[in-house]
Amino acid sequence: MASNTLMSCGIAFPSFLSSTKSKFATAVPLPVTANVSTGSRYTMTSDWMPGQPRPAYLDGSAPGDFGFDPLRLGEVPENLERYKESELIHCRWAMLAVPGILLPEALGLGNWVKAQEWAAVPGGQATYLGNPVPWGTLPTILVIEFLSIAFVEHQRSIEKDSEKKKYPGGAFDPLGYSKDPKKFEEYKVKEIKNGRLALLAFVGFCVQQSAYPGTGPLENLASHLADPWHNNIGSVIIPR
């Protein structure tokens, strides 16, 4: 009954959690802005908020493009392509970082905040999961990281094909996910969605650590579940 009422009103909700649009969303055509010309700044309704005009430069062709750009950062085509690439790279780093933060704490091997304290100690030795890291002094690690990242970024910068920059394939696709073009497009959307979620999660970890120094996300979660009425964001904004 409710769905019939919504359909009669011409309301369609975007699909944020699935890689493909729902039948309901595709059944209702998106309204086109009146008197839209080729040179218009907007074309049609964006997917991220019904009724919100979609910028003309976000045509929905890119994975995860829902017409969201409130600051209009992508108006310049060259910048837009660079932002797409940068977002994807940061998403992949975040998807590595979030499990790397959660798993050691879940295994009782300390939290991510205390794991880096060795770097502030003169002559400190890096450890991983409680084991000393070979060549684990801060200067040595910084040199290794600098040379490794410089090499990777150089290799990526000499690639002129924007798609290959983002999806190089080959050794970076050992399971052959890119062999089926249709499935590959679906995986691209899933990757960017999960990556954005990981970025938000990491920001949340940083905010939690700032509010409760020296604590990890799982410790904060356990504290909240133990007393949700007192241990929450409100107790940080309005201290008791």
Side-chain angles (χ1 to χ4, degrees), residues 12-22 25-26 28-98 148-173 177-204 206-207:
F13 293 96
S15 171
F16 288 96
L17 301 178
S18 63
S19 59
T20 57
K21 303 259 188 255
S22 66
T26 53
V28 183
L30 292 171
V32 179
T33 307
N35 299 323
V36 174
S37 62
T38 305
S40 174
R41 296 174 64 188
Y42 300 101
T43 54
M44 57 195 300
T45 300
S46 64
D47 293 345
W48 73 278
M49 180 177 290
Q52 182 72 16
R54 171 189 282 272
Y57 54 86
L58 297 180
D59 57 7
S61 60
D65 176 10
F66 298 105
F68 180 80
D69 185 18
L71 300 180
R72 305 193 65 79
L73 298 174
E75 280 189 306
V76 179
E78 293 78 10
N79 291 347
L80 178 59
E81 190 54 45
R82 176 58 179 165
Y83 289 144
K84 289 178 184 177
E85 180 186 341
S86 298
E87 180 187 30
L88 186 59
I89 298 300
H90 282 83
C91 281
R92 289 168 178 168
W93 278 115
M95 286 190 286
L96 288 172
V98 169
S148 300
I149 297 298
F151 173 76
V152 172
E153 288 298 313
H154 172 71
Q155 293 298 111
R156 197 158 58 88
S157 67
I158 61 179
E159 176 59 65
K160 301 306 179 184
D161 189 324
S162 60
E163 281 301 301
K164 286 186 178 180
K165 271 188 176 183
K166 293 179 286 188
Y167 308 100
F172 294 97
D173 184 21
Y177 285 134
S178 60
K179 291 181 179 178
D180 184 337
K182 186 176 180 180
K183 280 286 186 181
F184 188 39
E185 292 303 314
E186 181 181 334
Y187 291 143
K188 286 180 181 179
V189 176
K190 289 181 177 180
E191 179 185 33
I192 198 71
K193 284 184 176 181
N194 283 282
R196 288 167 179 170
L197 184 61
L199 287 169
L200 288 174
F202 183 73
V203 171
C206 294
V207 172

Can you see which heavy atom on [X] is nearest to which on [Y], and at what distance?
| X | Y | value |
| --- | --- | --- |
| Lys179 | Pro181 | O-CD, 3.2 Å |
| Val98 | Phe202 | CG2-N, 4.2 Å |
| Gly195 | Ala94 | O-CB, 4.5 Å |
| Pro55 | Gly67 | CD-O, 3.5 Å |

Sequence-distant partners of Arg82, salt bridge (Lys or Arg N to Asp or Glu O under 4.0 Å), two or more places apart: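 Scan of Arg82 (salt bridge (Lys or Arg N to Asp or Glu O under 4.0 Å), adjacent residues dropped) gives Glu85.
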Mind checking what makes salt bridge (Lys or Arg N to Asp or Glu O under 4.0 Å) contact with Glu163, not counting sequence neighbours?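 For Glu163 the salt bridge (Lys or Arg N to Asp or Glu O under 4.0 Å) partners, ignoring immediate neighbours, are Lys166, Lys188.
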Residues that Phe184 engages under ring pair (Phe, Tyr, Trp, His ring centres under 6.0 Å), provided they are two or more places apart: Tyr167
Partners meeting side chain to side chain contact (heavy atoms under 4.5 Å, CB included) with Val76 (sequence neighbours left out): Glu78, Asn79
Residues two or more places apart in sequence or in another chain: which of them pass side chain to side chain contact (heavy atoms under 4.5 Å, CB included) with Ile192? Glu87, Leu88, Cys91, Arg196
Please tell me if the side chains of Leu58 and Leu80 come closer than 4.5 Å, counting only heavy atoms from C-beta onward. yes
After noting the C-alpha distance and the side-chain angles of Asp65 and Arg54, does the key distance pass the side-chain contact (heavy atoms from CB on, under 4.5 Å) rule? CA-CA 10 Å; Asp65 176 10; Arg54 171 189 282 272; 3.5 Å; yes
What I want to find out is whether Glu159 reaches Arg156 closely enough, with some N-O distance under 4.0 Å, to be called a salt bridge.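 The answer is no: the pair does not qualify as a salt bridge.
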Interatomic spacing from NZ in Lys183 to OH in Tyr177 - rounded to 0.5 Å: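 So the NZ of Lys183 and the OH of Tyr177 are separated by 10.5 Å.
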With sequence neighbours excluded, what pairs up with Asp173 under the side chain to side chain donor-acceptor pair (under 3.5 Å) test?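 Only Ser178 meet the side chain to side chain donor-acceptor pair (under 3.5 Å) criterion with Asp173.
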Checking Ser157 side chain against His154 main chain: does a donor-acceptor pair fall under 3.5 Å?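 Side chain of Ser157 to backbone of His154: a pair is present.
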